[in-house]
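Start at 1 and go down the list; that is how both ligands and their atoms are numbered.
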Amino acid sequence: MNIQENISLKEYNTFGIDVNAKRFVSITSVYQLQQLIKEEKDIFLISGGSNMLLTKDIETLVVHINFKGISIDQQNHNDVYITVNAGENWHEFVLWCVSLNYGGLENLSLIPGNVGTCPIQNIGAYGVEVKDTITKVEAIEIKTGKLVSFSAEECQFGYRNSIFKNKAKGKYILTSVSFKLTKNNHKLNTSYGAIESELSSKGITNPTIKDISDAVIAIRQSKLPDPKEIGNSGSFFKNPVISKEHFEKLQSDFSNIPSYVISDTEIKVPAGWLIEQSGFKGKRFGNYGVHEKQALVLVNYGDASGKEIYELAQKIQHTIKDTFDINLEIEVNIIQ
Ligand code: EPU
């Protein structure tokens with residue numbers, strides 16, 4: 001194991017925040033990790049770095065999860081069961097599935113990050129959540145070094161949520177994720193408006209898995225900044241859920257407020273719309289700001305600090321509270 005000293009984490013987080021890791025190690029096997037945590041109890045994990053905002057240098061050992069490998073566990077005429085090691089890049093894995101015509105993940109194309117972190121926030125886009133295909137998550141329990149397994153049910157998935165953000169937070173290191181995908185009779189999900197219009201603009205009426213993946217890639221590229229060009233962490237906030245009563249009150253002031261019905265009593269409102277209404281969309285403050293095409297995304301144009309971006313997020317939260325009486329919850333992990 002090669003523990004390096006004073007390494008910049010700029011390349012290891014999609015926000016491109018330049019903080020220093022006092023000590024840094026890249027780990028390529030579960031065994032190596034088990035050995036390491038016997039000696040080092042206080043560690044800071046980094047995987048794809050796509051859902052974090054670093055606001056300070058990291059004094060504890062930074063452990064970069066870098067286990068690779070994809071294996072097919074079993075398959076039959078209709079389904080394939082696949083296990084993927086945590087350090088595989090998410091989008092490359094999705095493209096691999098698409099190329100083999102394995103269905104289920106095509107709507108989740110082009111999401112930044114690694115496979116090992118996809119269950120933590122139950123990544124979701126265009127009508128699909130990763131929980132729909134996950135069968136099992138394996139992890140090392142930090143306290144004991146033992147490899148343990150969570151069934152999909154045990155993961156307690158919710159909207160951008162799982163047990164790994166709650167009861168199990170900080171207790172496990174996810175090492176692999178297993179999926180059940182379709183080989184035939186794919187359950188295509190094209191109901192999301194933007195997918196429908198992208199497909200129809202190309203004259204596609206009977207889409208394949210690849211058509212959907214291509215459509216999602218085109219939509220994302222038109223709306224969301226590429227972290228390789230402009231640092232960002234995708235949606236910075238969650239879409240808030242409010243009471244029906246509260247929604248109806250807002251509707252009388254803002255008749256065009258978009259909404260999704262969650263239950264008889266609850267309504268989800270897009271945070272991007274709330275932020276746009278508050279005048280933040282496309283606003284630039286020096287080296288950071290709010291993305292011009294999607295107000296949910298905060299961006300680092302250059303050498304912004306995590307603290308500056310966090311302060312902007314708090315300013316947005318206060319404005320949304322004052323204008324709409326809504327608490328906007330931050331989706332990205334703030335490291336402070
Ligand atoms: N909207 C605005 N202004 C904006 C952005 C959005 O008015 O600047 C309005 C749109 O007009 C639309 C509504 O908000 O009526 C929804 O917008 P969109 O379809 O772009 O989706 P979203 O709710 O903003 C969510 C996810 C995205 C995911 C898309 C597509 C969350 C927090 N975000 O965004 O996820 O790609 O749906 O399914 O749920 C991510 O998590 O990093 C992410 C990008």
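Between Phe24 and Tyr12, the ring-plane angle classifies as tilted under the 30° and 60° cut-offs. Taking the six-membered ring where the residue is Trp, Phe254 and Trp273 present perpendicular rings, their angle passing 60° and hence far from 30°. The aromatic rings of Phe15 and Phe236 sit perpendicular to each other, their planes meeting at more than 60°, with 30° as the lower class boundary.
Using a 4.0 Å heavy-atom cutoff, Gln121 is absent from the residues neighbouring ligand 1. The closest approach between any non-hydrogen atom of His291 and ligand 1 is not below 4.0 Å. The shell of residues lying under 4.0 angstrom from ligand 1, judged by heavy atoms, excludes Phe280.
Residue contacts with ligand 1 for Ser235 involve both N, CA, C or O and side-chain atoms from C-beta outward (heavy atoms, distance under 4.0 Å). Contacts with ligand 1 closer than 4.0 Å are made by heavy atoms of both the backbone and the side chain of Gln294.
Using modelled atom types and a 3.5 Å distance limit, the side chains of Thr83 and Ser178 yield a donor-acceptor pair. Between the side chains of Asn189 and Ser191, at least one donor N or O lies within less than 3.5 Å of an accepting N or O.
For Val128 against Leu108, the heavy-atom pair with the smallest separation is O-CD2, 3.5 Å.
There is a protein heavy atom less than 4.0 angstrom from atom 23 (O) of ligand 1. At least one protein heavy atom sits closer than 4.0 Å to atom 26 (C) of ligand 1.
Residue-ligand proximity, Lys223 to ligand 1, at heavy-atom distances under 4.0 Å covers atoms 18 (P), 19 (O), 20 (O). Those atoms of ligand 1 that come under 4.0 Å of a heavy atom in Phe237, given as number and element, are 32 (C). Those atoms of ligand 1 with a heavy atom of Tyr260 less than 4.0 angstrom away are 13 (C), 16 (C). Atoms of ligand 1 found under 4.0 Å from any heavy atom of Gly234, numbered from 1 in the order shown, are 42 (O). Each of the following atoms of ligand 1 lies closer than 4.0 Å to a heavy atom of Ala295: 4 (C), 8 (O). Residue contact check: Arg220 has heavy atoms under 4.0 Å from atoms 36 (O), 44 (C) of ligand 1. Numbered from 1 in the order shown, with element, the atoms of ligand 1 that lie under 4.0 Å from a heavy atom of Leu296 read 24 (O), 32 (C), 33 (N), 34 (O).
Looking at Ser259, Ser233, Ser50, Pro270, it is Pro270 that brings a heavy atom closest to atom 13 (C) of ligand 1. Of the listed options Tyr159, Tyr192, Trp273, Phe236, Tyr192 places a heavy atom closest to atom 18 (P) of ligand 1. By heavy-atom distance, the residue among Glu292, Arg160, Lys281 lying nearest atom 31 (C) of ligand 1 is Arg160.
Geometrically, Lys268 engages Tyr159 in a cation-pi contact defined by less than 6.0 Å to the ring centre and at most 45° from the axis.
The single protein non-hydrogen atom nearest to atom 3 (N) of ligand 1 is Glu276 OE1, 2.6 Å, given as residue, atom name and distance. Looking only at protein heavy atoms, the nearest one to atom 38 (O) of ligand 1 is Tyr126 N, 2.6 Å.
Annotation: Phe157 is not in aromatic contact with Phe164 [ring centroid separation under 6.0 Å not met].
Checking side-chain atoms of Glu138 against main-chain N and O of Ser176 turns up no donor-acceptor pair under 3.5 Å.
Side-chain contact between Thr117 and Ile65 is absent, with no heavy atoms from C-beta onward closer than 4.5 Å. Met52 places a side-chain heavy atom less than 4.5 Å from the side chain of Ile46.
Checked for salt-bridge contact, Lys180 and Asp132 miss the test: no charged N lies under 4.0 Å from a carboxylate O.
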